[in-house]
Amino acid sequence: MKVKNLHSWQVSPEKAREIQEKLRNKVVLKSSFKSISKIGFIAGCDVGYDEKKGRAYGSVVLLTFPELKLVEKKGAMEASERIFPYLPGLLTFREGPVLIAALRKLEKSPDIIIFDGQGIAHPVRFGLATHMGLLLGFPTIGCAKSILYGHYEEPVNLKGAYTFLKDEEGELIGTVLRTKKNVKPVFVSQGYRIDLDQALDIILTCCRREKIPEPLRLAHLETVQAL
DNA sequence: GCGACAG
DNA sequence: ATCTTGTCGC
């Protein structure tokens, strides 16, 4: 897929926060889909690390939707020295570069992309999925395995059960979704150009037998395979 | 000052 | 993310 010119990634943590503040106002949350039945292809991204070998691998898989059949998988390797440190709230600066390198290799463009991290459920409403969506100009969803920001109540122990994630002012920033019975829920939030209810619907549709939505699960496996 | 803190 | 043993349930 084609990717436009991006801003610099080689910045200080302070500069990174300035970039987030500067771009957060450009975020569009209104869905670009009248219905998710319009989605034909969905992509999932993940990054894996191997400190011993000193490298990281970003992988992307493209699946049909809602059948979830694999049609493409691409990846990109990056040396540890060139990777931004992990700092809560600045994950995009660590994983964004290698993920974009992998995304550019996709021959076909997805209709929507899922990221292993938060969307607007972030201190400045600009998590990995939101930031990537704005830069790429594509609809995105954030699906994290743990919380970064906000408060919530545990959803009941049934697949499909969910509660709302809210910020300090009680404003809705995402949902806590149980994608499988007897497992911890995942944190789903709007990334870019997608409604929260559609994001929930899409994530649930991507969860067949496993807890992690298929696009992210397969991308993760590729990451393990490559490192 | 003391926790919390995506991956 | 990664480290790290056994263990509970489908």
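Letters A, B, ... mirror the listed sequences (proteins, then strands); counts begin at 1. Note that these values count all heavy atoms, side chains included, but never hydrogens, waters or copies made by symmetry.
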Please list, one pair per line, the donor and acceptor atoms closer than 3.5 Å that link side chains of residues 192-200 of chain A to other protein atoms, with sequence neighbours excluded.
residue	atom	partner	partner atom	Å
A/Asp195	OD1	A/Ser31	N	3.3
A/Gln198	OE1	A/Ser31	OG	2.4
A/Gln198	NE2	A/Phe33	O	3.1

pair [X]-[Y]: side-chain heavy atoms closer than 4.5 Å:
X	Y	value
A/Thr175	A/Thr163	no
A/Glu154	A/Lys184	yes
A/Ile113	A/Cys45	yes
A/Val186	A/Arg178	no
A/Arg217	A/Lys211	no

Any donor-acceptor pair under 3.5 Å from A/Thr130 side chain to A/Ile120 backbone: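 Present.
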State whether the side chain of A/Asn157 and the backbone N or O of A/Asn182 hold a donor-acceptor pair below 3.5 Å, judged by distance alone.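 Yes; at least one donor-acceptor contact below 3.5 Å.
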Hydrophobic cluster of A/Met77, others only, ordered by chain and residue number, side-chain cut-off 4.5 Å: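 Traced through the cluster, A/Met77 reaches A/Tyr57, A/Leu227.
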Scan residues 166-192 of chain A against DNA chain B and write down, sorted by residue number, each residue with any heavy atom closer than 4.0 Å; if none is found, say none.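 The answer is none.
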Can you list, by residue number, the residues of residues 194-226 of chain A that have a non-hydrogen atom closer than 4.0 angstrom to DNA chain B?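 By residue number: none to list.
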Using every non-hydrogen atom in the two residues, find where A/Leu23 and A/Leu134 come nearest and quote the distance to one decimal.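 Closest approach of A/Leu23 to A/Leu134: O-CD2, 3.6 Å.
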Considering non-hydrogen atoms only, spot the tightest contact between A/Ala102 and A/Val60 and give its length.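 Looks like CB-CG2, 3.6 Å.
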I'd like to check the ring pair (Phe, Tyr, Trp, His ring centres under 6.0 Å) partners of A/Phe126; sequence neighbours left out, ordered by chain and number.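 Ring pair (Phe, Tyr, Trp, His ring centres under 6.0 Å) list for A/Phe126, sorted by chain: A/His131.
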Return the set of residues passing ring pair (Phe, Tyr, Trp, His ring centres under 6.0 Å) with A/Tyr49 (not counting sequence neighbours), or none when no residue passes.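 By the ring pair (Phe, Tyr, Trp, His ring centres under 6.0 Å) rule, A/Tyr49 matches no residue at all.
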Does anything in residues 144-171 of chain A form a ring-ring contact (aromatic ring centres under 6.0 Å, His included)? List the pairs, not counting sequence neighbours.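 Of all non-adjacent pairs touching residues 144-171 of chain A, those that pass ring-ring contact (aromatic ring centres under 6.0 Å, His included) are A/Tyr152-A/Phe187, A/Tyr162-A/Phe164.
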Dot-bracket assigned to DNA chain C with the 3.5 Å Watson-Crick/G-U criterion, [ ] for crossing and | for other-strand pairs, is ..........
Positional range of nucleotides in DNA chain C within the contact set of chain A, heavy-atom, under 4.0 Å: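 Using the under 4.0 Å cut-off, the span is C/dA1 to C/dC10.
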List, one per line, each side-chain donor-acceptor pair under 3.5 Å for residues 79-91 of chain A, sequence neighbours excluded.
residue	atom	partner	partner atom	Å
A/Ser80	OG	A/Gly54	O	3.1
A/Ser80	OG	A/Arg55	N	3.0
A/Arg82	NH1	A/Glu78	OE1	3.4

Can you tell me if A/Gln10 has over 12 outside heavy atoms packed within less than 6.0 Å of its CD?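 12 or below, so no.
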Dump every N/O contact between nucleotides 3-7 of chain B and the protein below 3.5 Å, one line per pair.
residue	atom	partner	partner atom	Å
B/dA6	OP2	A/Tyr86	OH	2.2
B/dA6	N7	A/Gly89	N	3.2
B/dA6	N6	A/Gly89	O	2.9
B/dA6	N6	A/Leu90	N	3.4
B/dA6	N6	A/Leu91	N	3.2
B/dA6	N6	A/His122	NE2	3.4
B/dA6	N1	A/Leu128	N	3.0
B/dA6	N3	A/Gln118	N	3.0
B/dG7	OP1	A/Lys145	N	2.8
B/dG7	OP1	A/Lys145	NZ	3.4
B/dG7	OP2	A/Ser146	OG	2.9
B/dG7	O3'	A/Glu95	OE2	3.3

Counting Watson-Crick and G-U wobble pairs with both distances under 3.5 Å, what is the dot-bracket string for DNA chain B, 5' to 3', using [ ] for crossing pairs and | for pairs to another strand? .......
In sequence, state the C-alpha distance, the side-chain angles, and the governing distance for A/Thr179 and A/Ile212, and then conclude on side-chain contact (heavy atoms from CB on, under 4.5 Å). CA-CA 7 Å; A/Thr179 56; A/Ile212 302 300; over 6 Å; no
